[in-house]
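Below is one structure, written out as structure tokens; comments come after it.
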Amino acid sequence: MKIMGIPRIKTEFSKHTSAEVLETQFAIEPMKANARDHTGLILVPNLLDGTNHRTWSHSMKMALQERMKLGFMNGDVKISIVTDDSYQIWRCVDCTVRAWLINSMVPNISETFMYTQMHQTLWRDLEEHFSEADGLLVYNLRRKASSLVQGDLDLNTYYRK
């Protein structure tokens, strides 16, 4: 039997399956928070600096998935209606995800995007603003790579170029 794609594996050292342990340690549902989900976290090792959006975005998606919050970014978790009982919970989780995004940027970028009202809008704005910069970087790297020739360089010097 599987829970959330995690196979149930019993070990001789434990009465519990691996899925049962995960269920008790972490909140499986995106709308649940736990003690490790606070707004002061920086989820990724490299802050968004304007030149690294592609890798930052990938790292951020992995970190959000690990915390069962990626559904907030890709639209799987729908915005609650204001009159719904779950709206306040949704706003709380939205605020946490926005804080994680803001905390994962260099100060001059975070100051620019600090007042974005929803995490999905923030994510989309970052994508629009910085994905073009990544495109230019990729173009320049490809152009540089296509012009590389070994020429009279020894192999060791050529590969360090």
Side-chain angles (χ1 to χ4, degrees), residues 3-7 18-19 21-82 84 86-148 153 156-161:
I3 295 178
M4 305 255 330
I6 302 167
S18 56
V21 171
L22 280 174
E23 284 177 317
T24 57
Q25 286 181 343
F26 306 112
I28 297 296
E29 295 180 36
M31 293 291 277
K32 288 186 180 176
N34 62 49
R36 69 187 191 123
D37 289 343
H38 61 84
T39 57
L41 290 178
I42 298 174
L43 299 183
V44 294
N46 297 316
L47 301 180
L48 176 64
D49 65 9
T51 64
N52 63 343
H53 178 265
R54 187 176 198 179
T55 54
W56 174 86
S57 173
H58 183 72
S59 295
M60 196 55 132
K61 286 176 185 176
M62 288 191 312
L64 290 170
Q65 179 63 42
E66 187 270 332
R67 286 179 160 64
M68 300 294 186
K69 304 294 189 250
L70 186 60
F72 279 82
M73 304 311 274
N74 64 20
D76 288 349
V77 176
K78 302 297 181 202
I79 300 171
S80 297
I81 299 171
V82 177
D84 218 7
S86 63
Y87 179 73
Q88 290 303 325
I89 296 168
W90 185 91
R91 288 294 297 164
C92 180
V93 176
D94 175 70
C95 182
T96 302
V97 173
R98 274 187 294 140
W100 290 342
L101 291 172
I102 294 295
N103 293 345
S104 299
M105 302 173 194
V106 295
N108 66 331
I109 293 175
S110 65
E111 289 167 6
T112 303
F113 292 96
M114 176 73 70
Y115 300 101
T116 305
Q117 293 298 311
M118 286 178 27
H119 70 275
Q120 288 173 324
T121 306
L122 175 57
W123 188 261
R124 188 174 46 246
D125 289 351
L126 291 168
E127 182 85 15
E128 289 173 8
H129 192 79
F130 293 110
S131 64
E132 288 181 21
D134 282 349
L136 183 59
L137 178 64
V138 169
Y139 169 77
N140 284 330
L141 288 172
R142 284 185 180 156
R143 186 171 54 84
K144 192 173 182 179
S146 69
S147 66
L148 286 175
L153 300 174
N156 192 23
T157 305
Y158 173 73
Y159 277 108
R160 282 193 268 150
K161 191 173 181 180

Out of curiosity, [X] [atom1] to [Y] [atom2], how far, rounded to the nearest 0.5 Å?
| X | Y | atom1 | atom2 | result |
| --- | --- | --- | --- | --- |
| R124 | M118 | CZ | CE | 7.5 Å |
| I109 | L126 | CD1 | CG | 8.0 Å |
| Y115 | I102 | OH | CD1 | 10.0 Å |
| L70 | M60 | CG | CE | 11.0 Å |
| N103 | L48 | CG | CG | 12.5 Å |
| R54 | H58 | CZ | NE2 | 10.0 Å |

Using the test side chain to side chain donor-acceptor pair (under 3.5 Å), find all partners of D125 that sit at least two apart in sequence or belong to another chain.
-> none
Which pairs count as salt bridge (Lys or Arg N to Asp or Glu O under 4.0 Å) when at least one residue sits in residues 104-114, sequence neighbours excluded?
->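 Pairs touching residues 104-114 that pass the test: none.
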Can you list every pair that meets salt bridge (Lys or Arg N to Asp or Glu O under 4.0 Å) and has a residue in residues 96-110, with sequence neighbours left out?
-> D94-R98
Side chains of C95 and R91: does their closest heavy-atom pair fall under 4.5 Å?
->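 They are not in side-chain contact.
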Do L47 and I42 have side-chain heavy atoms sitting under 4.5 Å apart?
-> yes
Looking at W56 and S104, what are the two nearest heavy atoms and their distance?
->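 Reported closest heavy-atom pair: NE1-O, 2.8 Å.
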Between F130 and H53, how do the two ring planes meet: parallel, tilted or perpendicular, split at 30° and 60°?
->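 The rings of F130 and H53 lie parallel, inter-plane angle below 30°.
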Could you pull out all residues at least two apart from N46 that satisfy side-chain contact (heavy atoms from CB on, under 4.5 Å)?
-> N52
Hits for side-chain contact (heavy atoms from CB on, under 4.5 Å) against L41, two or more places apart or cross-chain, chain-then-number order -> H38, L43, R67, W100
